[in-house]
Student: 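The structure's right below; bear with me while I get my questions together.
Quick note on labels: first sequence line is chain A, next is B, and so on, each numbered from 1. Every value quoted in this text rests on a predicted model; they were computed, and no experiment measured them.
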There are 2 protein chains.
Amino acid sequence: MYEFFRQYLNEITSSIISDAEFQHIEEAFAIKSMKKRQFLLHEGSVCKYMAFIVKGAMRHYSIDEKGNEHIVRFGVEGWWMSDRESLRMQTPSKYNIDALEDCDLLVATNEQLNRVKELSPLFFRMAHLLDERHSIANQNRVHASICYSSDEKLLDLMKNYPDFLQRFPQNMLASYLGISPETFSRVRKQINAK
Amino acid sequence: MYEFFRQYLNEITSSIISDAEFQHIEEAFAIKSMKKRQFLLHEGSVCKYMAFIVKGAMRHYSIDEKGNEHIVRFGVEGWWMSDRESLRMQTPSKYNIDALEDCDLLVATNEQLNRVKELSPLFFRMAHLLDERHSIANQNRVHASICYSSDEKLLDLMKNYPDFLQRFPQNMLASYLGISPETFSRVRKQINAK
DNA sequence: TGTGCTGCTTGATGTAAATCAAGTAAATTT
DNA sequence: AAATTTACTTGATTTACATCAAGCAGCACA
């Protein structure tokens with residue numbers, strides 16, 4: 001359970017974490033299992049956890065006045081899930097996070113996170129790298145969302161996250177791209193024809 | 001020139017930086033003036049600098065095959081400008097950055113940045129906070145871009161960055177929102193009618 | 001074996017916004 | 001001051017995409 005997390009930390013920081021340091025991290029993160037459709041965060045409440053996904057898949061989304069879901073982010077093994085804004089500022093979230101598959105998570109609260117950042121320099125560095133990557137990924141997502149037509153959006157998705165197409169239903173992928181499921185289906189057909 | 005930067009650092013970290021520590025920072029950042037329309041980064045080249053804007057305004061944008069500009073970010077006094085992906089990975093950028101007004105900048109290269117992060121814990125903390133904020137801002141931008149119709153996008157802009165409406169021409173604001181200048185003009189009229 | 005879900009496709013219709021085009025006003029250049 | 005460019009608006013037309021609606025296939029479960 002923690003072994004995968006340890007590997008992840010080594011990899012992302014290009015280091016080998018010591019037993020002593022990993023001890024701190026292990027203490028800060030609790031194991032949490034979630035069944036499909038269970039919620040990690042409900043709109044209106046403050047985000048409790050920063051969650052590392054060991055197994056399974058999740059989605060981070062909002063619901064508008066008309067009841068439409070808008071997925072801002074997916075998460076799979078080796079990804080983090082949280083509403084950072086809500087977690088850091090301790091403000092009510094406008095988002096939901098739930099499990100798309102049965103999940104095994106490692107979760108830490110905001111305080112535990114701050115504590116472990118102080119105790120483990122490697123974890124601190126990891127947090128930094130993570131923010132950087134997250135920042136860059138979001139930048140690219142903004143770019144795609146502003147510049148691309150729906151077929152370009154889909155092609156971009158197919159290129160960057162080909163596994164998502166197998167793993168998630170098309171209506172969710174459509175929501176992620178900001179297009180309707182029908183358009184998704186039609187554009188997909190059109191692309192495959194080539 | 002550096003005084004504004006020093007204030008900024010104090011503010012964002014909620015600390016008071018020592019002379020000794022600020023010395024390191026001052027050494028890492030060079031003063032750079034730019035005339036309106038001058039480029040800090042050209043598409044295809046590797047981003048040289050992380051730039052702190054002391055005075056003036058800039059834009060970060062791409063140009064598509066049809067020659068249309070897509071602005072992903074504006075920058076004004078107290079904001080940072082760079083293509084982080086290109087700077088950190090030292091890869092060619094797909095973006096341009098140029099000055100919308102005459103600018104005074106403080107610039108550091110990637111190495112200088114790494115060095116000053118090592119030398120100054122406060123600067124390191126600042127970098128961390130910055131990434132966090134940047135991440136959150138981009139998250140919200142993704143959300144707006146996926147969920148909002150064009151009038152909601154404009155209202156969102158008016159709420160979050162009211163000064164931009166005075167400062168930047170409408171065609172650029174339209175580009176930033178991912179809508180056409182004509183739509184911007186019409187939607188704006190419609191909103192003001194209320 | 002049926003009854004209802006869920007996921008996906010396809011066609012018909014509607015609509016928001018892009019594009020095209022023209023014109024005015026303001027700012028810059030000469 | 002005239003000429004040119006840039007910024008913005010307004011109307012007409014087109015287009016991409018959403019919405020509405022129906023139908024089908026696979027799966028769950030009773």
Student: If I take atom NZ in residue B:Lys66 and atom C1' in nucleotide C:dC20, what distance separates them, rounded to the nearest angstrom?
Tutor: 15 Å
Student: At less than 4.0 Å, is any side-chain N or O atom of A:Ser180 found next to OP1 or OP2 of D:dT19? Yes or no.
Tutor: no
Student: Atom CZ of B:Arg167 and atom C1' of D:dA7: how far apart are they, to the nearest Å?
Tutor: 18 Å
Student: Is the phosphate of C:dT9 approached by A:Gln170 (side-chain N or O, under 4.0 Å from OP1 or OP2)?
Tutor: yes
Student: Looking at B:Gln7 and B:Phe4, would you say the former's side chain and the latter's main chain have a donor-acceptor pair under 3.5 Å?
Tutor: no
Student: My understanding is that only one of A:Glu85, A:His134, A:Arg88 makes a side-chain hydrogen bond (donor to acceptor under 3.5 Å, both in side chains) with B:Ser135; could you say which?
Tutor: A:His134
Student: Which residue, B:Arg37 or B:Lys189, contacts DNA chain D at a nucleotide closer to its 5' end, judged by nearest heavy atom?
Tutor: B:Arg37
Student: Is there a side-chain contact (heavy atoms from CB on, under 4.5 Å) between B:Tyr95 and A:His143? Walk through the geometry before answering.
Tutor: CA-CA 10 Å; B:Tyr95 298 104; A:His143 182 252; 3.4 Å; yes
Student: Compare side-chain N and O positions of A:Arg188 against OP1 and OP2 of C:dT9 and report whether any pair is under 4.0 Å apart.
Tutor: yes
Student: Starting at CG of B:Leu154 and ending at C1' of D:dC8, how long is that distance when rounded to a whole Å?
Tutor: 15 Å
Student: Between D:dA28 atom P and A:Lys36 atom NZ, what is the distance in whole Å?
Tutor: 10 Å
Student: When you measure only distances, ignoring hydrogens and angles, does the side chain of A:Arg186 come within 3.5 Å of the base of D:dT19 through a donor and an acceptor?
Tutor: yes
Student: Rounded to the nearest angstrom, tell me the gap between atom CD in B:Glu69 and atom C1' in D:dA7.
Tutor: 14 Å
Student: Whether A:Thr183 contacts D:dA18 is assessed here as follows: a side-chain N or O lying under 4.0 Å from the phosphate OP1 or OP2. Is that the case?
Tutor: yes
Student: Nearest whole angstrom, please: distance from the P of D:dT10 to the CG of B:Asn192.
Tutor: 11 Å
Student: Do B:His60 and B:Phe74 have ring centres separated by under 6.0 Å?
Tutor: no
Student: Could you check how far CD of B:Glu182 sits from P of C:dA17, rounded to whole Å?
Tutor: 13 Å
Student: Around A:Lys94, counting heavy atoms of other residues, nucleotides and ligands shown, do more than 12 lie under 6.0 Å from its NZ?
Tutor: yes
Student: Specify the separation, in whole Å, of atom CZ of B:Phe184 and atom P of C:dA17.
Tutor: 14 Å
